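Heads up, the thing below is written out as structure tokens.
Computation of the quantities below employed the complete heavy-atom set of this structure, encompassing side-chain atoms and omitting hydrogens, waters and symmetry-equivalent molecules. Everything numeric in this text was worked out from a predicted model, so none of it was measured.
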Amino acid sequence: MMFLKKLFGFLSPLKPLVYISLAAWVMHIILRVLLLFRNNPYGFPFVSKPDWYIFHAVCYDFIWICNALLVFTIVAGLIQFIVSRKNSAKKSEPAKASKHPVFSVCIILYAIFHGILLPVTFLDHELLRFLGSHLSFGLANTYKDTSSIVMFWDYVANDLSVPYLQFVVLILMFPFTYGVYRLLKKANWSFKGTAIFLVIFYIASSLFVNVIWTGNARATKLRPVTTLVWNEIFSSGKAGGLSSEELAQHKTTFEALWNHIEGDSLWIFPKDDATSKSPLFRIPTDALTQDSALLAKRAKHPNFIVVFMESHRGLNTGFLNPGMKPSPTPYFDSLAASSRVWARMHTSGLPTTGGVLSSHVGIPHHSKLAQATDLAHVFIPSFASVLTDSGYTTHYFSAADPAWDNLGVWMSKWYTAQHYDRNREDDSTFFDHAITYVNDTLATQDKPFLVTLMTRSNHYPFNFAAGMTDEEKNLPLTERVKVTMNYADRQLARFMRSVESKDWFQNTYVIIMADHGFPLGENGVSTMNGGAFSNATWIPFLIHGEGIEAQLDTATAAQIDVAPTILELAGLAVPNMFMGHNLLRGHGEGLSLGAYNGYTAIGYEGLRLITRHPEEGGDIQGLFAEGDTHQNEDIQESRPQDGKRLKDLMDSLIRLADYSLERGF
């Protein structure tokens, strides 16, 4: 106790640091409220559930502010202690801490520190509202041109939330914070009591955001600027460091592989400077754009319904496991019987953002960055944007809040409109809305349409399905997932049966897949960060529609193939940067490629290799035959050369994919 008493006495001159911290925290709370409870500049809510974010935001800010306070306090205390000891040795008496300028200098520096972070934080918030992306060095480089100042002014002037509010906040930010500081200082709170409050609230905040109510997507969206700067300097994980020689080598490897798998020469990779365009960039030849079969498809203007079934595991899908009785997916199975099915389809990213984005853009999810947020400022075309530009009306329907993981920002770039309501988060009410809108609105227009549906009820912890009994909710996860998959299957059946008899449906292609699977203990893995085994990556996939013959295809495939396949069905051949292939080309055994939370995987030439990402050590996690979809036998020890060959190829492709995602189209 005597030690604490002396410590508080020694540090008491640093009370202004505490007041500055609390005043800054109050201002950050106000900035968070202005971010979360306001519309974005385009008139839509920035987040649909601000109440799911604000308490976390308050805690995140309190934690980093306390961390900064602790660092400054320790530095000031150490310097003062050293100086006091030297003075004591010289004068034979201790110097009084309160009379030494060290603390005063630290207080001034701390005030400057927060004075810089406040406007930078506000800028970061506005970038999130306008672009969906946090402030970063890459973003600064993208918008370094002086014309960006004019663009910023135009955005502020036309902000459909409150025009020019940004300037009002910037003007009042510092006087308000200083006023709060003066009030706190005037109150002259007990230094000891304030310190105890800080410690207690710090512990409570840490428990709340890390244990009680966690969420990676929320944490990504609410990253404080200090975390952003730290990540940019020390752990950004970007691939931009590729030398021109490395880039050329990876590009050559990819082109040779892509041409081999594609099996024809109807596409050209331009030979101009690889840094001016994506190294993945290619253009169609005249022979392809004028192909009679492609022109005939384009003339039909077919509609598209693309369904992402949340967490539908290939391991629990009936038509992929004929011996499994009873099947949790009876309707999906019946539809598969009259569709073309790919039995070796893998997701190209985890979790939902990874699967949905890679399916749209034809490139595996970034191996290290949170692509949905970190690269939101980069333009990457998708099958949806190509259809939109080609005269389609395109609509994205989501049962889960697309703002949660920043997917809404991407969909707003690509689609005509988005549909989400927090009262329609169950697949039943979600599909009810989709049925009504498709039949009564989209089907009555003269334009062809694309409808993309993202379900929710089969989501971990697999107890979201409406009407689940207590007995079902208490089942083990391995059994509970069957209940929720069956529920989602019934809702899918209702949707399909409500539209399949309509005239417009005869000119419609239906593509149904999972966004990803989910590990439930198979291969010793039970978390989404535990690897790239088939429990998480193997997914059901089918295409149903006129001219699509019922067939079980065993070619290797991945979500990067979805975009080029959809555009082939639409009769569109446009310049693109897809790494995937048209699955209907009927040539070769295919390629699967994906990045999954520190792991990467490739399927090629009848084998599937899983490794840690090179930045995570690059260790091989397993080598399996592609036909071993349950991955029961690891053959790495018996075929080490195959493992090394595939690993080298995969590392090259993943680095090229990361590089291309960071630069866009």
Side-chain angles (χ1 to χ4, degrees), residues 248-272 274 277-298 340 342-346 348 358-364 380-383 386 509 511 541 543 547-548 551 553-594 601-608 626 645-646 648-650 652-657 659-661 665:
Q249 180 182 351
H250 297 324
K251 178 178 170 66
T252 299
T253 298
F254 168 72
E255 288 183 15
L257 178 67
W258 193 90
N259 284 320
H260 171 70
I261 294 174
E262 189 71 7
D264 58 44
S265 57
L266 297 177
W267 294 87
I268 298 173
F269 289 90
K271 299 303 180 184
D272 56 356
K277 291 180 179 177
S278 166
L280 304 178
F281 181 76
R282 64 178 180 271
I283 58 177
T285 61
D286 291 340
L288 178 57
T289 57
Q290 300 305 314
D291 178 73
S292 59
L294 199 70
L295 291 173
K297 292 178 182 177
R298 192 185 316 164
R340 185 160 177 177
W342 279 261
R344 299 177 186 173
M345 168 67 74
H346 286 267
S348 292
S358 58
S359 298
H360 276 76
V361 305
I363 304 174
I380 305 172
S382 71
F383 70 79
V386 173
Y509 292 108
I511 296 98
F541 179 88
I543 301 178
I548 303 294
Q551 178 181 342
D553 199 318
T554 57
T556 301
Q559 285 173 328
I560 57 175
D561 299 318
V562 172
T565 303
I566 288 177
L567 295 186
E568 165 70 20
L569 289 169
L572 298 172
V574 299
N576 65 76
M577 51 187 286
F578 303 140
M579 292 187 80
H581 300 265
N582 164 28
L583 291 173
L584 302 171
R585 70 193 182 284
H587 173 80
E589 295 186 359
L591 169 78
S592 68
L593 189 66
I602 185 172
Y604 184 53
E605 295 183 334
L607 298 173
R608 182 165 182 80
E626 274 282 63
R645 175 176 54 84
L646 285 177
D648 291 343
L649 175 61
M650 179 176 60
S652 180
L653 296 177
I654 290 295
R655 290 182 188 278
L656 193 62
Y659 180 93
S660 300
L661 288 171
F665 194 62

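In this structure, S382 has no side chain to side chain donor-acceptor pair (under 3.5 Å) partners at least two apart in sequence or on a different chain. Residues satisfying the salt bridge (Lys or Arg N to Asp or Glu O under 4.0 Å) test with E262, not counting sequence neighbours, are none. Applying the salt bridge (Lys or Arg N to Asp or Glu O under 4.0 Å) rule to R585 yields no partners; only residues at least two apart in sequence or on another chain are considered. With sequence neighbours left out, F269 forms a ring pair (Phe, Tyr, Trp, His ring centres under 6.0 Å) with F254, W258. A search for salt bridge (Lys or Arg N to Asp or Glu O under 4.0 Å) contacts involving E605 returns R645, not counting sequence neighbours. Applying the salt bridge (Lys or Arg N to Asp or Glu O under 4.0 Å) rule to D291 yields no partners; only residues at least two apart in sequence or on another chain are considered.
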Stepwise side-chain contact (heavy atoms from CB on, under 4.5 Å) test for D561 and W342: CA-CA 11 Å; D561 299 318; W342 279 261; over 6 Å; no
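Relative orientation of the H360 and F383 rings is parallel, given thresholds of 30° and 60° on the angle between their planes.
Looking at P364 and I560, their side chains come closer than 4.5 Å, going by heavy atoms from C-beta outward. Between L569 and I548 there is a side-chain heavy-atom pair separated by less than 4.5 Å. P381 has its side chain out of reach of N576: every pair of non-hydrogen atoms, C-beta onward, lies at least 4.5 Å apart. Side chains of I654 and L593 form a contact here, defined as non-hydrogen atoms less than 4.5 Å apart. Counting heavy atoms from C-beta on, the side chains of Q249 and R655 never come closer than 4.5 Å. Residues I602 and L591 meet the side-chain proximity criterion, which asks for heavy atoms closer than 4.5 Å.
Scanning all heavy atoms of the two residues, the minimum distance from A657 to M579 falls at CB-SD, 3.6 Å. Here the closest heavy-atom approach between residue F281 and residue P270 is recorded as O-CD, 3.4 Å. For the residue pair E626 and G603, the shortest heavy atom distance occurs at OE2-CA, 3.8 Å.
The closest donor-acceptor contact from the side chain of S652 to the backbone of L649 lies at 3.5 Å or more, if one exists at all. R298 places a side-chain N or O within 3.5 Å of a backbone atom of G571 that can act as its donor or acceptor partner. T285 contributes a side-chain N or O that, together with a main-chain N or O of L266, makes up a donor-acceptor pair within less than 3.5 Å. Judged purely by atom type and a 3.5 angstrom limit, N582 has no side-chain atom pairing as donor or acceptor with the backbone of P564. No side-chain donor-acceptor contact under 3.5 Å links S348 to the backbone of A558.
Distance CD/E568 to OG1/T565: 8.0 Å, rounded to 0.5 Å. Atoms CG and CD1, on L653 and I363 in that order, are 12.0 Å from each other to the nearest 0.5 Å. One finds the CG atom of L656 at 4.5 Å from the CG atom of L280 (value rounded to the nearest 0.5 Å). Summarising the geometry, atom OG belonging to S660 is positioned 10.5 Å from atom NE2 belonging to H250; distances are rounded to the nearest 0.5 Å. Here E255 contributes atom CD and W267 contributes atom CH2; the two are 14.0 Å apart, rounded to the nearest 0.5 Å. Atom CZ of R340 is separated from atom CZ of F541 by 10.0 Å, given to the nearest 0.5 angstrom.
Side-chain contact check for S592 and R608: at least one donor-acceptor pair (N or O, by modelled atom type) lies under 3.5 Å.
In summary, R344 and E589 do not engage in a salt bridge, as defined by a charged side-chain N under 4.0 Å from a carboxylate O.
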